[in-house]
Amino acid sequence: MTVFASSPMTTLIDVPVRYDLAESTCPPLTTGDLAGAELVANLPLGYGTSRGDAELRALVAADTGVAPDQVLVTVGAIEAMFLVAQATCGPGDRVLLATPCFPPARTVPEGLGARVDVLPLSFDDGYRLPLDRLAGALTPATRLVSVASPQNPSGVRFTEEELRTLLAVVAESAPEAVLLVDETYRAATYGGSPVPRSVAALSPRIVTCSSLSKAHGAPGLRVGWLTTTDADLYERLREAKFLSTIACPTLDEFLAARLLRRQTELLRPRAARLRQALDELVGWARAHRLEIVAPDGGAMCCLRLPADRFADDTVAEFHARLAERDTRVAPGSWFGESDRVFRVGFGHLPPADFSAALDRLADALPRQRSTAEAAA
């Protein structure tokens with residue numbers, strides 16, 4: 001029997017709070033931003049196709065550098081991740097996962113019976129990929145290597161050189177493995193920074209996944225996609241999608257295509273807002289002497305309560321005090337990190353609410369007392 005571990009992250013959608021700094025989406029879109037009622041009034045609500053809407057796939061293909069028939073539209077990036085895990089690994093197989101990570105990246109292959117080997121990334125090293133330890137973490141039984149760029153929860157992006165090195169090591173040490181690169185936050189940039197190119201066309205070994213949930217601010221459109229230039233793998237993934245969801249919702253695909261047609265226009269104000277909010281957050285962290293890893297992309301980053309100022313027993317107190325203030329951050333344990341580390345989302349709340357949330361975050365900080373002082 002397949003059993004998936006429960007995730008406390010479900011509170012993000014099931015338990016609302018007034019000041020939600022745990023959410024990692026950008027400012028939300030509305031249906032009015034994409035289409036008036038007259039455009040959807042006569043839209044046929046029949047089945048779509050297992051591949052996904054042709055125009056939508058063409059738009060994704062143009063953005064990622066692959067062909068339309070190498071794009072599979074999915075119900076969010078989460079379905080893409082599930083399909084890849086299901087197609088590549090099972091009982092007895094091994095998965096190498098860079099952590100901290102989005103929880104389903106671990107729980108899905110574990111639920112399918114695979115053994116998950118962890119390649120831990122370090123806050124102190126800026127969550128860079130430890131290429132010197134990579135080969136030792138791979139085996140001939142490794143069938144899936146899973147990373148995200150930008151990473152969740154840190155927002156740190158891997159360079160193309162790092163990913164090319166990763167590919168070469170995987171090819172040598174785990175020749176049957178697929179490399180999954182989660183690019184969900186790729187289009188969430190800051191200010192005038194360009195959107196970095198996708199790695200979708202870098203190698204037939206690579207599968208990428210993404211969605212409209214984060215950078216585009218449209219998680220209510222349950223539309224994502226995966227790309228692969230391996231035709232045989234694509235067909236296995238397409239067949240698995242058909243057997244699980246048949247097709248994506250017609251209305252969602254219609255609106256998603258309208259969104260991607262206007263992607264540059266819609267992303268521009270979001271990038272400007274992320275720049276402002278990140279600058280405010282970095283200034284706030286410095287003022288309160290908290291440690292922070294500067295992100296490269298995405299509407300989130302990681303902060304840490306320094307051990308020389310906050311004893312271990314104050315970490316739980318901090319999160320409890322936040323809850324009393326109707327405020328939430330994403331604790332590190334959601335992602336495989338210590339709860340001394342926490343993710344702060346800076347794109348979800350309106351500007352005034354974001355500033356107010358930071359005030360509550362400051363008020364929840366426990367009395368400063370180092371771990372050494374607590375042990376004395």
Side-chain angles (χ1 to χ4, degrees), residues 23-27 29 56-57 59-66 70-74 76-81 84 98 100-102 105 121 127-129 145-164 166-167 179-203 206-219 221 223-229 256 259-275 278 293-302 343 345-348:
E23 186 53 77
S24 63
T25 60
C26 284
L29 287 170
L56 179 57
R57 288 188 292 110
L59 288 163
V60 172
D63 187 55
T64 56
V66 299
Q70 295 169 332
V71 176
L72 183 68
V73 181
T74 57
I78 185 67
E79 184 187 25
M81 296 173 71
V84 172
C101 65
F102 181 50
L121 313 183
Y127 292 118
R128 302 312 313 176
L129 191 63
V145 178
S146 180
V147 300
S149 183
Q151 301 163 37
N152 182 7
S154 71
V156 172
R157 181 185 297 114
F158 298 134
T159 66
E160 187 169 309
E161 182 180 356
E162 286 175 315
L163 288 172
R164 286 184 182 276
L166 173 59
L167 267 172
L179 173 58
L180 173 63
V181 182
D182 180 356
E183 297 186 325
T184 297
Y185 295 94
R186 179 176 66 91
T189 59
Y190 310 138
S193 299
V195 174
R197 68 177 183 176
S198 170
V199 298
L202 202 58
S203 166
I206 286 182
V207 176
T208 71
C209 65
S210 191
S211 77
L212 301 177
S213 297
K214 305 300 185 181
H216 303 82
L221 290 182
V223 172
W225 54 86
L226 61 81
T227 71
T228 177
T229 57
L259 190 164
L260 288 181
R261 274 185 240 144
R262 299 171 53 204
Q263 176 171 239
T264 300
E265 168 198 348
L266 293 170
L267 288 177
R268 190 178 299 115
R270 283 160 178 76
R273 172 56 196 152
L274 292 187
R275 177 76 273 168
L278 178 56
V293 173
D296 300 308
M300 75 290 180
C301 65
C302 285
R343 186 184 78 179
F346 50 86
H348 175 66

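Everything numeric here is computed off the predicted structure, so don't read it as measured data.
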> Can you find a pair of side-chain heavy atoms, one from C209 and one from L180, that are under 4.5 Å apart?
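The answer is yes; the side chains approach within 4.5 Å.
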> To check you understand the geometry: which heavy-atom pair defines the closest contact between G65 and A201, and what is its length?
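Between these two residues, the closest heavy atoms are O-CB, 3.5 Å.
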> Inspect the surroundings of CZ in R197 and state if more than 12 heavy atoms from other residues, nucleotides or ligands are less than 6.0 Å away.
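Atom CZ in R197 is not packed in, count stays at 12 or less.
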> Could you state the interatomic distance from CD (Q70) to CH2 (W225), rounded to the nearest 0.5 Å?
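Output value for this atom pair is 16.0 Å.
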> Check whether any side-chain heavy atom of L166 sits under 4.5 Å from a side-chain heavy atom of E162, and report yes or no.
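No, side chains not in contact.
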> Under the side chain to side chain donor-acceptor pair (under 3.5 Å) test, which residues partner E183, sequence neighbours left out?
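Expected list: S198.
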> Indicate the atoms forming the closest heavy-atom contact of Y127 with F158, along with that distance.
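The pair with the smallest heavy-atom distance is O-CE2, 4.1 Å.
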> Taking Y185 for its side chain and S149 for its backbone only, find out whether a donor-acceptor pair lies under 3.5 Å.
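Not at all, since once roles are kept as given, no pair shorter than 3.5 Å links the two residues.
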> Within the structure provided, determine whether L221 and L29 are in side-chain contact (heavy-atom separation under 4.5 Å).
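No - every pair of side-chain heavy atoms lies 4.5 Å or more apart.
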> A187: what forms a side chain to side chain contact (heavy atoms under 4.5 Å, CB included) with it, not counting sequence neighbours?
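A187 satisfies side chain to side chain contact (heavy atoms under 4.5 Å, CB included) with V195, A215, H216, L267 only.
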> Who passes side chain to side chain donor-acceptor pair (under 3.5 Å) against T228, sequence neighbours left out?
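Listed in chain order: nothing, the list is empty.
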> Mind running side-chain contact (heavy atoms from CB on, under 4.5 Å) on V156 and L121 for me, showing each step along the way?
CA-CA 11 Å; V156 172; L121 313 183; over 6 Å; no
> Give me the atom names and distance for the closest heavy-atom approach of A218 to L259.
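Minimum heavy-atom contact is CB-CD1, 4.0 Å.
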> Can you name the one residue among T208, D63, T64 that meets side chain to side chain donor-acceptor pair (under 3.5 Å) with R186?
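The residue from T208, D63, T64 that satisfies side chain to side chain donor-acceptor pair (under 3.5 Å) with R186 turns out to be D63.
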> Can you name the nearest heavy-atom pair linking A188 to C26, along with the distance?
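Here A188 and C26 meet closest at CB-SG, 4.4 Å.
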> Give me the atom names and distance for the closest heavy-atom approach of A98 to C101.
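So the minimum-distance heavy-atom pair works out to O-CB, 3.5 Å.
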> Would you call M300 and K214 a side-chain contact if the rule is heavy atoms closer than 4.5 Å?
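Not touching, per the 4.5 Å side-chain cut-off.
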> Do R157 side-chain atoms and D296 backbone N/O form a donor-acceptor pair below 3.5 Å?
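At least one qualifying donor-acceptor pair exists.
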> With distance as the sole test, does E265 use its side chain to make a donor-acceptor pair with the main-chain N or O of R262 at under 3.5 Å?
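Such a contact is absent between E265 side chain and R262 backbone.
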> Do the non-hydrogen side-chain atoms of L129 and T159 ever get within less than 4.5 Å of each other?
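Heavy-atom side-chain distance check fails, nothing below 4.5 Å.
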> Contact between L274 and T189 at the side-chain level, heavy atoms closer than 4.5 Å - yes or no?
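No. Closest side-chain heavy atoms not under 4.5 Å.
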> Tell me, do D182 and N152 make a side-chain contact under 4.5 Å, heavy atoms counted?
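A side-chain contact is absent here, since even the closest heavy-atom pair is not under 4.5 Å.
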> Nearest heavy-atom pair of S210 and A77: which atoms, and what distance?
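In this case the closest contact between S210 and A77 is O-CB, 3.5 Å.
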